[in-house]
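One structure is given below, encoded as structure tokens.
Each chain gets a letter, A, B and so on, in the order the sequences are listed, and its residues count up from 1. Since the structure is predicted, the reported quantities are computational estimates derived from the model, not experimental observations.
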Protein chains: 2
Amino acid sequence: MGKPPHTSYHSDPRVDALVDETIGRVADKWTLLVLEALEEAGEQRFSAIGRAVPGISQKMLTQTLRQMEREGLVTRTVHAEVPPRVEYRLTVLGHDLAEAFCGVWHWAERNIETIEAARAAFDARQ
Amino acid sequence: MGKPPHTSYHSDPRVDALVDETIGRVADKWTLLVLEALEEAGEQRFSAIGRAVPGISQKMLTQTLRQMEREGLVTRTVHAEVPPRVEYRLTVLGHDLAEAFCGVWHWAERNIETIEAARAAFDARQ
DNA sequence: GGTGCCTACTTCCCAATGGAGAGCAAGGGA
DNA sequence: TCCCTTGCTCTCCATTGGGAAGTAGGCACC
């Protein structure tokens, strides 16, 4: 769809675009849930995160962790052992993001019933 | 991947699951950007939102707005005119969510450079 | 010495999702 | 009569994601 107008409260539209792009990369279901798992449990191994995030496939877990590592949200430590042991830990940046998301969690907790009701009403209307 | 363990700071795992499910539905790139657009501009028409969210396709805009309506985040008002006019507005619930996401926006704004640097370092390392 | 096992991936196949663009309804204007 | 408008909806195709199987490589057991 169209590009420009986009009146924002920021002065610089390039900053807006960068923020949007960053949000786009971070605001992903799996990223959020992995972030939550790491925030709650501290340093975790690959398979422990997988267990803490029900429904994620190994492929998506690998992919999500790689991307988070690339964005600087987690550090990856490989221990040269057999069997292999790889540990993931939130960076300060990742921890800050998790804190920023706290508000969203609390919103979700607070409003579960409202949302369920809205959904039921919407579905009944259709 | 596996289901259980998932030690959380909530007592009830069912609440956790519901929260995760809700987050999963709301933590979507397009939902966030549409939320931002509506929060900044107030009531908006379909195509105005499209212009405010660069890169979104009409299909995804329709789909995102429908889902947001279903979750109770926006209201949809159809004016029986020709050409048609449909206006979208955040509900209180939607507004609260947008506020909850403020922290994430500020995080992104504050850390753009750190993230860019992390990405550059990661890419150089590979 | 062969057979597993363990973990963190990687690969393959197939279904679902998302983007691009065309089509549509329905009334008003030229 | 033809075209314009808006908010979708549909179709076609590329990309993404899930499920399951495969891989490396050193160790333990028989």
Side-chain angles (χ1 to χ4, degrees), chain A residues 1-5 20-21 23-34 37-38 41 43-71 74-89 122 125-126, chain B residues 1-3 5 20-21 23-35 37-38 41 43-71 74-89 122 125-126:
Chain A
M1 298 197 64
K3 294 273 139 143
D20 278 9
E21 198 207 317
I23 296 283
R25 240 174 299 103
V26 154
D28 158 74
K29 181 186 168 185
W30 295 133
T31 303
L32 244 74
L33 295 176
V34 167
L38 283 172
E43 196 170 44
Q44 286 274 84
R45 307 181 59 168
F46 181 85
S47 47
I49 302 173
R51 257 171 274 125
V53 181
I56 196 168
S57 66
Q58 290 191 325
K59 189 171 77 171
M60 284 316 292
L61 183 52
T62 306
Q63 211 170 102
T64 303
L65 285 169
R66 280 284 189 295
Q67 180 154 325
M68 291 175 76
E69 194 192 351
R70 180 166 188 259
E71 310 289 331
V74 301
T75 53
R76 194 176 96 105
T77 313
V78 183
H79 299 268
E81 303 173 358
V82 167
R85 185 161 60 95
V86 181
E87 298 203 293
Y88 294 89
R89 171 188 290 275
F122 181 92
R125 210 181 316 138
Q126 302 305 308
Chain B
M1 298 197 64
K3 296 271 137 141
D20 278 7
E21 198 205 318
I23 296 282
R25 239 176 298 103
V26 153
D28 157 75
K29 180 187 171 185
W30 295 132
T31 303
L32 244 74
L33 295 175
V34 168
L35 201 69
L38 283 172
E43 196 170 44
Q44 285 275 82
R45 307 181 58 169
F46 181 86
S47 47
I49 302 174
R51 258 171 275 126
V53 181
I56 196 168
S57 66
Q58 289 192 325
K59 190 170 80 172
M60 284 318 290
L61 183 51
T62 306
Q63 210 170 104
T64 304
L65 285 169
R66 281 282 191 295
Q67 179 154 329
M68 290 174 77
E69 196 193 350
R70 181 167 189 259
E71 310 289 331
V74 301
T75 54
R76 194 175 96 106
T77 313
V78 183
H79 299 268
E81 300 171 359
V82 167
R85 185 160 61 92
V86 181
E87 299 204 294
Y88 295 90
R89 172 187 289 274
F122 181 92
R125 211 180 316 140
Q126 301 306 308

ask   = Are Trp30(B) and dG19(C) close enough that a side-chain N or O sits under 4.0 Å from OP1 or OP2?
value = yes
remark   = Which of dG19(C), dT7(C), dC9(C) is nearest the side chain of Met60(B)? It is dG19(C)
inquiry  = Nearest to the Lys59(A) side chain among dG7(D), dG18(D), dC9(C), which nucleotide is it?
reply    = dG18(D)
message = Looking at every heavy atom in both Leu32(A) and Ala27(B), which two are closest together, and how far apart are they?
response = CD2-CB, 3.6 Å
query = Can you check the His79(A) NE2 to dA8(C) P distance for me, whole Å?
reply = 10 Å
key: Contact under 4.0 Å: Arg66(A) side-chain N or O vs dC9(C) OP1/OP2   = yes
inquiry  = Taking the minimum atom-to-atom distance to the side chain of Pro83(B), which one of dG18(D), dT5(D), dC6(C) wins?
reply    = dT5(D)
remark   = Among dG7(D), dT11(D), dC27(D), the one nearest any side-chain atom of Val82(A) is dC27(D)
Nucleotide dC9(C), atom C1' - distance to CZ of Arg45(A) in whole Å = 13 Å
key: Leu35(B) vs Met68(B) side-chain heavy atoms within contact, under 4.5 Å   = yes
query = Is any side-chain heavy atom of Val74(A) closer than 4.5 Å to a side-chain heavy atom of Leu38(A)?
reply = yes
request  = Grab the CD-C1' distance between Gln58(B) and dT6(D) for me, whole Å please.
outcome  = 9 Å
message = Heavy-atom count check: over 12 atoms from other residues, nucleotides or ligands less than 6.0 Å from Arg76(B) CZ?
response = yes
From CG (Asp28(B)) to CD (Gln63(B)), nearest 0.5 Å = 9.0 Å
query = Expressed in angstrom and rounded to an integer, what is the separation of Leu65(A) atom CG from dA8(C) atom P?
reply = 11 Å
note = Closest of dG18(D), dC9(C), dG7(D) to the Val86(B) side chain is dG7(D)
ask   = Rounded to the Å, how far apart are Gln44(A) CD and dA8(C) C1'?
value = 15 Å
ask   = Between atom NZ in Lys29(A) and atom C1' in dT16(D), what is the gap in whole Å?
value = 13 Å
request  = Would you indicate which nucleotide in dC8(D), dG25(D), dG18(D) comes nearest to any side-chain atom of Pro84(A)?
outcome  = dG25(D)
key: Touch class at under 4.0 angstrom, heavy-atom based, for Gln63(A) against every strand present   = sugar-phosphate
task = Using atom CG of Leu61(A) as one end and atom P of dG17(D) as the other, report the distance to the nearest whole Å.
result = 14 Å
remark   = Whole-Å distance, Arg85(B) CZ to dC4(D) P, equals 23 Å
inquiry  = Side-chain N or O of Ser47(B) versus OP1/OP2 of dT6(D): is the shortest distance under 4.0 Å?
reply    = no
